[in-house]
Every structure is written in C-alpha cells, then in structure tokens.
Participant: 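Submitted below is the structure of interest, expressed as structure tokens.
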Amino acid sequence: MSRIRPYRPSDRDALYEVCVRTADAGADATGLFSDDSLWGDLFAVPYAERHPDLAWVVETDDERVIGYIVATDDTDAFATWFRDEWWPTRQDRYPQPVEPTTREERMIEHGYAQAPGRDGNAAEHPAHLHIDLLPETQGQGLGRQLIETLFAELTRRGVRGLHLGMDPNNTGAAAFYERLGMKPLPAEPGGQSFGVRFV
C-alpha cells in the first residue's frame with residue numbers, strides 16, 4: 001500500500017526520475033532531450049530545494065518514490081531565487097541557446113527567462129505547484145491526497161490562491177484539476193493554466 005510522506009533530501013534522485021518519466025504530457029520523456037535531468041532541474045528539484053516544507057512524495061511499501069508534489073507559496077519570490085541562485089548553478093550544463101528552435105532549446109530558454117513579475121497569474125494566485133505520479137500510482141486517490149495536503153498547508157499559511165500550468169495535451173490531468181474545483185486561467189500560447197482561491 002502506497003503512502004504519502006514529507007520529502008527528504010534522499011528523495012532528490014527519485015524526483016528527477018519521476019519527473020522525466022512523466023514529462024511528455026504525462027508520458028515517459030526519457031531520451032527526448034540530450035540530458036534527461038533538464039526536466040527535473042526546471043520543474044521538480046528546485047522546488048524541493050527551496051521549499052522542502054511544501055514537498056511530499058508517494059512511497060511504496062518497498063520504499064520506492066513513485067510520485068510527488070512540490071510547490072512554492074510565492075511565485076515571484078521563487079522566480080527571483082531560481083534566477084539568482086538555482087539556475088546559475090546549471091548554466092554550464094545548459095548553455096543559453098542563441099535562437100531556440102528545438103523543444104529542448106525552448107525548455108532551456110524557459111530556465112533563463114525566469115523572473116519575478118513574468119507570471120501574470122501570480123498576483124491573484126501567488127502559489128504554484130508541480131505534481132507527477134507514475135502510472136502505477138494512478139486511480140488510487142493519491143493525486144487528490146497530495147493536492148489536499150498541499151492546499152491545507154497553503155490555507156494554514158494564509159496564501160490566497162494557487163495556480164498551475166500544464167501541457168494541454170495532457171487531457172487526463174486537465175480533467176483531474178477540474179474535478180478538484182480548479183478553474184481555467186489565462187495561459188501563454190501553447191499552454192493551459194488552472195487556479196483556485198483559498199481565502
């Protein structure tokens with residue numbers, strides 16, 4: 001029986017693995033990029049580094065991590081930290097493309113583009129999250145439990161709202177967020193966003 005527990009630093013490698021294995025609109029993205037770590041360096045590990053108190057994992061009986069939720073309670077503060085402290089430690093690994101044309105180059109450019117004020121949904125929905133579950137976890141209510149755990153903590157902190165962005169090709173995830181009562185928000189071209197208010 002799988003269970004949810006707080007993130008531990010020893011889970012870091014598992015975050016990279018789960019992230020890449022779910023990164024292609026919910027499907028396995030292993031081998032799509034020249035470096036599989038790019039997914040986790042953008043969308044999972046920095047959140048756990050910055051906010052380990054807003055990170056939980058799904059663990060199996062044999063102690064494998066098969067899912068996670070990571071978040072920030074302040075998108076603009078996180079973007080500042082990402083730009084000034086996290087991404088500089090990754091720039092040798094991911095040189096900035098001159099003119100990003102491939103999917104991988106656009107993802108790398110996403111790292112370089114992080115800055116406070118860039119996310120239009122952050123003013124009314126200052127928190128944001130990333131959640132990923134391997135196929136073996138799905139259908140057990142674990143995603144809902146992860147979301148409810150995070151929402152309870154954000155509510156306790158007095159955070160007024162949360163948003164998330166996703167690949168619109170992941171129709172199952174969109175239906176999941178709608179079932180949780182999240183509403184569509186403005187999104188960048190080629191993206192899809194949802195949000196919820198707590199206060």
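All values derive from a computational prediction rather than experimental measurement.
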Participant: Start with the C-alpha gap between Arg21 and Asp28, add the side-chain angles, then the distance that decides, and say whether side-chain contact (heavy atoms from CB on, under 4.5 Å) holds.
Facilitator: CA-CA 4 Å; Arg21 288 179 60 194; Asp28 194 343; 4.0 Å; yes
Participant: CG/Asn170 to CD/Gln192 distance, rounded to the nearest 0.5 angstrom?
Facilitator: 9.0 Å
Participant: So Met182 and Glu178, do their side chains get closer than 4.5 Å, heavy atoms only?
Facilitator: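 Side chain of Glu178 against side chain of Met182, heavy atoms only: no contact under 4.5 Å found.
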Participant: How many angstroms lie between atom CG of Asp76 and atom CZ of Phe78, to the nearest 0.5 angstrom?
Facilitator: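 The distance works out to 12.0 Å.
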Participant: Compute whether any side-chain donor of one residue and acceptor of the other, for Asp119 and His163, lie under 3.5 angstrom apart.
Facilitator: yes
Participant: Check whether any side-chain heavy atom of Glu59 lies under 4.5 Å from a side-chain heavy atom of Arg64, and answer yes or no.
Facilitator: no
Participant: With a 4.5 Å heavy-atom cut-off, do Trp86 and Gln114 have their side chains touching?
Facilitator: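 Side-chain contact under 4.5 Å: no.
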Participant: Any donor and acceptor pair, going by atom type alone, linking the side chain of Glu105 with main-chain N or O of Thr101 inside 3.5 Å?
Facilitator: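 Present.
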Participant: For residues Ala55 and Val70, report the shortest heavy-atom separation together with the two atoms involved.
Facilitator: CB-CG1, 3.9 Å
Participant: Donor-acceptor pair, distance only, cut-off 3.5 Å: does the side chain of Asp73 make one with the backbone of Ala127?
Facilitator: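 Not a single qualifying donor-acceptor pair exists.
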Participant: Pairing donors with acceptors under 3.5 angstrom, does anything connect the side chains of Asp11 and Tyr68?
Facilitator: no
Participant: Can you confirm whether Arg93 sits close enough to Ser37 that some side-chain heavy atom of one is under 4.5 Å from a side-chain heavy atom of the other?
Facilitator: yes
Participant: Under the criterion side-chain contact (heavy atoms from CB on, under 4.5 Å), I'd like the reasoning laid out for Ile4 against Glu148: C-alpha separation, chi angles, the key distance, then a yes or no.
Facilitator: CA-CA 11 Å; Ile4 292 171; Glu148 289 173 349; over 6 Å; no
Participant: Does the plane of the ring in Trp87 sit parallel, tilted or perpendicular to the ring in Phe82? Use 30° and 60° as the thresholds.
Facilitator: parallel
Participant: Answer whether the closest heavy-atom distance between the side chains of Thr72 and Tyr47 falls below 4.5 Å.
Facilitator: yes
Participant: Under a 4.0 Å N-O cut-off, is there an ion pair linking Arg157 with Asp53?
Facilitator: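 Judged by the 4.0 Å cut-off on N to carboxylate O distance, Arg157 and Asp53 do form a salt bridge.
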Participant: Of all heavy-atom pairs between Gly143 and Leu133, which one has the smallest distance, and what is that distance?
Facilitator: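 So the minimum-distance heavy-atom pair works out to CA-CD1, 3.6 Å.
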Participant: May I ask you to check whether Tyr94 and Tyr112 place their ring centres under 6.0 Å from each other?
Facilitator: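 Distance test on ring centres: not under 6.0 Å, no.
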Participant: How long is the straight-line distance from NE2 of His51 back to CG of Leu129, given to the nearest 0.5 Å?
Facilitator: 12.5 Å
Participant: If we ignore hydrogens and angles and just use 3.5 Å, is the side chain of Asp41 paired with the main-chain N or O of Pro46 as donor and acceptor?
Facilitator: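 Pair absent, no side-chain N/O of Asp41 close to backbone of Pro46.
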Participant: Examine distances only and state if a side-chain atom of Trp39 and a backbone atom of Asp24 form a donor-acceptor pair shorter than 3.5 Å.
Facilitator: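 Not a single qualifying donor-acceptor pair exists.
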Participant: Can you give me the closest heavy-atom contact between Pro168 and Thr171, atom names plus distance?
Facilitator: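 Minimum heavy-atom contact is O-CG2, 4.0 Å.
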Participant: Using atom types as modelled and distance alone, determine if a side-chain donor or acceptor of Glu124 lies under 3.5 Å from a backbone N or O of Gly161.
Facilitator: no
Participant: Tell me every residue that passes salt bridge (Lys or Arg N to Asp or Glu O under 4.0 Å) with Arg160, counting only those two or more places apart in sequence or in another chain.
Facilitator: none
Participant: Do Val57 and Arg5 have side chains that approach each other closer than 4.5 Å (heavy atoms only, starting at C-beta)?
Facilitator: yes
Participant: Could you walk me through whether Ile66 and Val18 pass side-chain contact (heavy atoms from CB on, under 4.5 Å), step by step?
Facilitator: CA-CA 7 Å; Ile66 55 175; Val18 173; 5.6 Å; no
Participant: Check whether Thr75 reaches the backbone of Pro126 with its side chain - one donor and one acceptor, N or O, closer than 3.5 Å.
Facilitator: yes
Participant: Is there side-chain contact between Pro116 and Arg83, with at least one heavy-atom pair below 4.5 Å?
Facilitator: yes
Participant: For Ser34 versus Glu104, what's the shortest heavy-atom pair and its separation?
Facilitator: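 Looks like OG-OE2, 2.6 Å.
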Participant: Under 4.5 Å between side-chain heavy atoms, counting indirect links through other Ile/Leu/Val/Met/Phe/Trp/Tyr residues: same cluster for Tyr16 and Leu42 or not?
Facilitator: yes
Participant: Roughly how far, to the nearest 0.5 Å, is CD1 of Ile131 from CZ of Arg144?
Facilitator: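 Spacing of CZ (Arg144) from CD1 (Ile131) equals 11.0 Å.
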Participant: Applying side-chain contact (heavy atoms from CB on, under 4.5 Å), run through Leu15 and Tyr7 and close with a yes or a no.
Facilitator: CA-CA 10 Å; Leu15 259 59; Tyr7 171 82; 3.8 Å; yes
Participant: Any chance you could measure Trp56, atom CH2, to Leu142, atom CG, to the nearest 0.5 Å?
Facilitator: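 One gets 15.0 Å once the value is rounded to the nearest 0.5 Å.
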Participant: To the nearest 0.5 Å, how far apart are CG in Leu32 and OG1 in Thr102?
Facilitator: 11.5 Å
Participant: Decide, yes or no, whether a salt bridge links Arg156 with Glu153 under the criterion of side-chain N to carboxylate O below 4.0 Å.
Facilitator: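 Salt bridge between Arg156 and Glu153, a charged N being under 4.0 Å from a carboxylate O: yes.
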Participant: Judged by atom type as modelled, is there a donor-acceptor pair below 3.5 Å linking the side chain of Asp132 to the main-chain atoms of Ala23?
Facilitator: no
